[in-house]
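Here the structure is a predicted model, which is why all the values come from computation and not from measurement.
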Amino acid sequence: MRQSKAKRWRLASGDEQAEQALVRHLGVYPVVAKLLVNRGIDTVAAGQDFLYGTVNDLLDPYDLKGMAEAVPLIQTTIEEQQRIVVYGDYDVDGITATSLMYRFLTRCGANVSYYIPERQSEGYGLNAEALEHIIEQGTELVITVDCGISSYDIVEAVRHRLTMIITDHHTAPPDIPRAAAVINHKQPGCSYSDKNLSGVGVAFKLCQAIWRERTGEAYLDDLDIVALGTVADVVPLVGENRIIVREGLKKMTESPNIGIAALVEVAGLGGRKLTTGHIGFTLAPRLNAAGRVTHATRAVELLITTDQTTANCIAEELQATNQERQLIERGIHEEARLDVINQAEEASKVIVVAGEGWHPGVIGIVASRLVEEFYRPTLVISIHDGIGKGSCRSIENCNIYEALKSAEDLLLQFGGHKQAAGFSIAAENIPALRQRLTEYCEQHLTTEDYVPIIDIDTPLEPAEVTVELVDQIETLEPYGMGNSTPVFAINPIAVQDVFLLGQQKNHCKIILQSQVGPLDAIIWHGAEYHREVFPDEQIKVAFALQKNEWQGRVSPQLMVQDLALLGEQRAQLTTEGLREMYVIVRGVFRSATAPRYIVESEVLHRHPQNQTDKEAMLALDVFKELGILQEETTEEGMALYRWCHVKEKLELITSLTFLKYSA
């Protein structure tokens, strides 16, 4: 099974009246007003807060239920120098929350340490055995971060021997643990208006409340750590999260935590303006790698150290660990991908792949990659000792949690939400699970649901694509969940030229024609488009916008999300055209200089005048299939063709029975 490139474009409906009000009262471009409305920012007051909110607009931490009970208890424990343990989680949200709380309590003079469970042996959340060990060490108070809200029985078992304060952001179950204080904006009876905080965000609110009691001042330190965990946890970047991340990104650039600065350097981001994309795709994976491959405490050590040499050492170690994680992931992904292709029709509705001994720390990433390629609900299962541990990722219109629920009689346990979930299963039940989920998808999904969707904010005319528009759009940053990068569309537009970019020639640049001049469009990792899109063709293109600065010149640049040919532009190659192209290629290799290789571009320059570039490329593909040419790629990514010394093939070309060859 192979995934089609076809995508479904979905244009936002908008609200013209609300957009006009934003233009009138906020002075933004009409395009920016439309972007705001598309993101639910449809009133002047909401637009004002979104565009111009500052740290002074952060909500009162005492509005959180449980805060009034937690603060004096922590204050007393600090003053009496009783032992405090911060109990966190092994993902980036938990790592940053643990680091933040440890750093803050240390600053307050507390007798504090921290504990993070080991992913494979202990799993997520509070662990009864770990708590017993913490009690044996003489701990008086445990403060959980990013976990604990679902641990009623575990908390109940130690409630009379250990004081606990739970801070969490996950959905609260019906039975809230009976801890000394529970701080969670999603618990019943909590009137806190912003329900989007991450685990580190809730921990930050606790730090704010304690600091205000101790100093009377607002606590704004460590916002870079808070921003790192907030972005990594993929919570909506609106409200408080937006302010926290915007200010945290500034701190990362201007005066970062030394551990974050060291990580930025080893990741190759030194000297650059950091974005949420850098956090999500570069920094967070390196912190996450510790919890996936070794132990998350190493990542905490990076964020809490005050020694530059130590920070540099740990950052290098995490870089190596991440490379190890990538190697493990790559191997599992290749196995899983081949399995999907071999399953063919069996994987047409849902993908279920399993492997003995696959590392359970990376199967979620592998599942995400398979969804990206095949756009199917996907389950990747790691089998150890007859038990499979599975990680699920889904597509837009498939609730994977409900799908698992339809097969819960086959599972040992499961949990999650619409787009992602986890489960365990006896290995012998995996085929039955595949069959059950296939039936579920047949009943609940349509053919259209298996076509990837690109959400288009608004169409643009080429004349609207200016540096000034990019400047206005940038006021919506930082982008993330709930405030996605704006995507625009131009339809139709003509292609002027196409060529490859990058040292490995693995990126594609398309120059588009317009009445106001050429527009540059970049497709990262899109080298294949060099063989599919040609000058003078009409295309439609979906894209994000950014500025390109080169030799003092600033211009808008289209970052292509999707493109498609318009109308009937399929190349048709006749037998006579193939014969003419064959004669040209043979003549090149039989010339006096007799080259061993010929560059693809040379062939295209020499093709018959009655052929298009696309038809010439198709002819080369036919020659490769017939064994006349063999394609090789240089280290720089350049395509070369070698003449295969086989018997004369002209007779074969002229005797082909087809009249047209289309693509």
Please give me the minimum heavy-atom distance between [X] and [Y], naming the atom from each residue.
X: Leu318; Y: Ala290; answer: CD2-CB, 3.7 Å
X: Leu283; Y: Ala267; answer: CD2-CB, 4.3 Å
X: Ala427; Y: Ile383; answer: CB-CG2, 4.1 Å
X: Tyr87; Y: Asn127; answer: OH-N, 3.0 Å
X: Asp168; Y: Val202; answer: O-CG2, 3.6 Å
X: Ala311; Y: Leu302; answer: O-CD1, 3.4 Å

Is it true that atom [atom1] of [X] has more than 12 heavy atoms of other residues, nucleotides or ligands lying nearer than 6.0 Å?
X: Met481; atom1: CE; answer: no
X: Arg246; atom1: CZ; answer: yes
X: Gln137; atom1: CD; answer: yes
X: His170; atom1: NE2; answer: yes

Polar side-chain atom of [X] near backbone of [Y] as donor-acceptor pair, under 3.5 Å:
X: Asp457; Y: Leu35; value: no
X: Lys509; Y: Ala521; value: no
X: Thr144; Y: Gly148; value: no
X: Thr276; Y: Tyr479; value: yes
X: Asn506; Y: Ala527; value: no
X: His507; Y: Leu501; value: no
X: Glu254; Y: Met252; value: no
X: Thr139; Y: Ile134; value: yes
X: Ser382; Y: Trp358; value: yes
X: Asn196; Y: Pro236; value: no

Do [X] and [Y] have side-chain heavy atoms sitting under 4.5 Å apart?
X: Asp233; Y: Val92; value: no
X: Lys205; Y: Leu197; value: yes
X: Leu379; Y: Ile351; value: no
X: Ile430; Y: Val352; value: yes
X: Ile332; Y: Ile328; value: yes
X: Leu58; Y: Ile243; value: yes
X: Thr98; Y: Ile95; value: no
X: Leu263; Y: Leu287; value: yes

Next item on the list: Before giving the answer on salt bridge (Lys or Arg N to Asp or Glu O under 4.0 Å), spell out for Asp221 and Arg103 the whole-Å C-alpha distance, their side-chain angles and the decisive distance to 0.1 Å.
Entry: CA-CA 10 Å; Asp221 290 343; Arg103 285 170 60 90; over 6 Å; no
Next item on the list: Check the pair Tyr114 / Val300 against side-chain contact (heavy atoms from CB on, under 4.5 Å), numbers first and verdict last.
Entry: CA-CA 9 Å; Tyr114 62 89; Val300 175; 3.6 Å; yes
If you measure from [atom1] on [X] to [atom2] on [Y], what distance do you get to the nearest 0.5 Å?
X: Glu240; Y: His185; atom1: CD; atom2: NE2; answer: 9.5 Å
X: Lys7; Y: Asp562; atom1: NZ; atom2: CG; answer: 5.0 Å
X: Arg376; Y: Tyr450; atom1: CZ; atom2: OH; answer: 6.5 Å
X: Ile522; Y: Leu558; atom1: CD1; atom2: CG; answer: 9.0 Å
X: Ile183; Y: Ile143; atom1: CD1; atom2: CD1; answer: 8.5 Å
X: Asp224; Y: Thr96; atom1: CG; atom2: OG1; answer: 10.5 Å

Notebook entry, point to check: Tyr219 vs Phe104 aromatic rings, parallel, tilted or perpendicular, using cut-offs 30° and 60°?
Noted result: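 Tyr219 and Phe104: perpendicular rings.
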Check: Once the angle between the rings of Phe543 and Phe488 is folded into 0 to 90°, is it parallel (under 30°), tilted (30 to 60°) or perpendicular (over 60°)?
Finding: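 Taking Phe488 first and then Phe543, their aromatic rings sit tilted (interplane angle of 30° to 60°).
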Next item on the list: Flag the pair Arg298 and Glu301 as a salt bridge only when some basic side-chain nitrogen lies within less than 4.0 angstrom of an acidic carboxylate oxygen.
Entry: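 Judged by the 4.0 Å cut-off on N to carboxylate O distance, Arg298 and Glu301 do form a salt bridge.
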Margin query: Does this structure show an ion pair linking Lys418 with Glu402, if we count only N-O contacts that are shorter than 4.0 Å?
Written below: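 Here Lys418 does not pair with Glu402 in a salt bridge, since their nearest N and O are not under 4.0 Å apart.
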Check: Can you check side chain to side chain donor-acceptor pair (under 3.5 Å) on Arg393 and Gln419, steps first, answer last?
Finding: CA-CA 6 Å; Arg393 298 294 184 270; Gln419 292 296 302; over 6 Å; no
Note to self: Under the criterion side-chain contact (heavy atoms from CB on, under 4.5 Å), I'd like the reasoning laid out for Lys547 against Gln557: C-alpha separation, chi angles, the key distance, then a yes or no.
What the structure shows: CA-CA 6 Å; Lys547 285 184 289 191; Gln557 186 168 257; over 6 Å; no
Next item on the list: Verify salt bridge (Lys or Arg N to Asp or Glu O under 4.0 Å) between Glu247 and Lys250, making sure each step is shown before the conclusion.
Entry: CA-CA 5 Å; Glu247 295 302 315; Lys250 288 181 186 177; 3.5 Å; yes
Note to self: Less than 3.5 Å apart, any donor N or O on the side chain of Ser113 or Arg83 sitting next to an acceptor on the other?
What the structure shows: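 Yes.
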Check: Would Leu223 and Phe204 count as a side-chain contact (heavy atoms from CB on, under 4.5 Å) if you check the C-alpha gap in whole Å, the side-chain angles of each, and the deciding distance to 0.1 Å?
Finding: CA-CA 9 Å; Leu223 277 174; Phe204 176 65; 3.7 Å; yes
Next item on the list: Decide yes or no on side chain to side chain donor-acceptor pair (under 3.5 Å) for Gln308 and Asn312, but give the supporting numbers first.
Entry: CA-CA 6 Å; Gln308 188 66 63; Asn312 293 341; 3.0 Å; yes
Margin query: Check for me whether the distance between the ring centres of Tyr401 and Phe414 falls short of 6.0 Å.
Written below: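 Yes.
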Next item on the list: Start with the C-alpha gap between Trp211 and Cys108, add the side-chain angles, then the distance that decides, and say whether side-chain contact (heavy atoms from CB on, under 4.5 Å) holds.
Entry: CA-CA 9 Å; Trp211 195 248; Cys108 293; 4.2 Å; yes
Item checked: Audit row: Asn399, His417, side chain to side chain donor-acceptor pair (under 3.5 Å) steps and yes/no -> CA-CA 7 Å; Asn399 187 323; His417 51 82; over 6 Å; no
Check: Among all residues two or more places apart in sequence or in another chain, which pass the side chain to side chain contact (heavy atoms under 4.5 Å, CB included) test with Glu346?
Finding: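 Counting only residues at least two positions away or on another chain, Glu346 forms a side chain to side chain contact (heavy atoms under 4.5 Å, CB included) with Gln343, Arg434.
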Next item on the list: With sequence neighbours excluded, give me every salt bridge (charged side-chain N to carboxylate O under 4.0 Å, His left out) pair touching residues 256-281.
Entry: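 Residue pairs with at least one partner in residues 256-281: Lys273-Glu477.
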Next item on the list: Starting from the C-alpha separation in whole Å, work towards a yes-or-no answer on side chain to side chain donor-acceptor pair (under 3.5 Å) for His169 and Asp146.
Entry: CA-CA 6 Å; His169 75 118; Asp146 192 36; 3.1 Å; yes
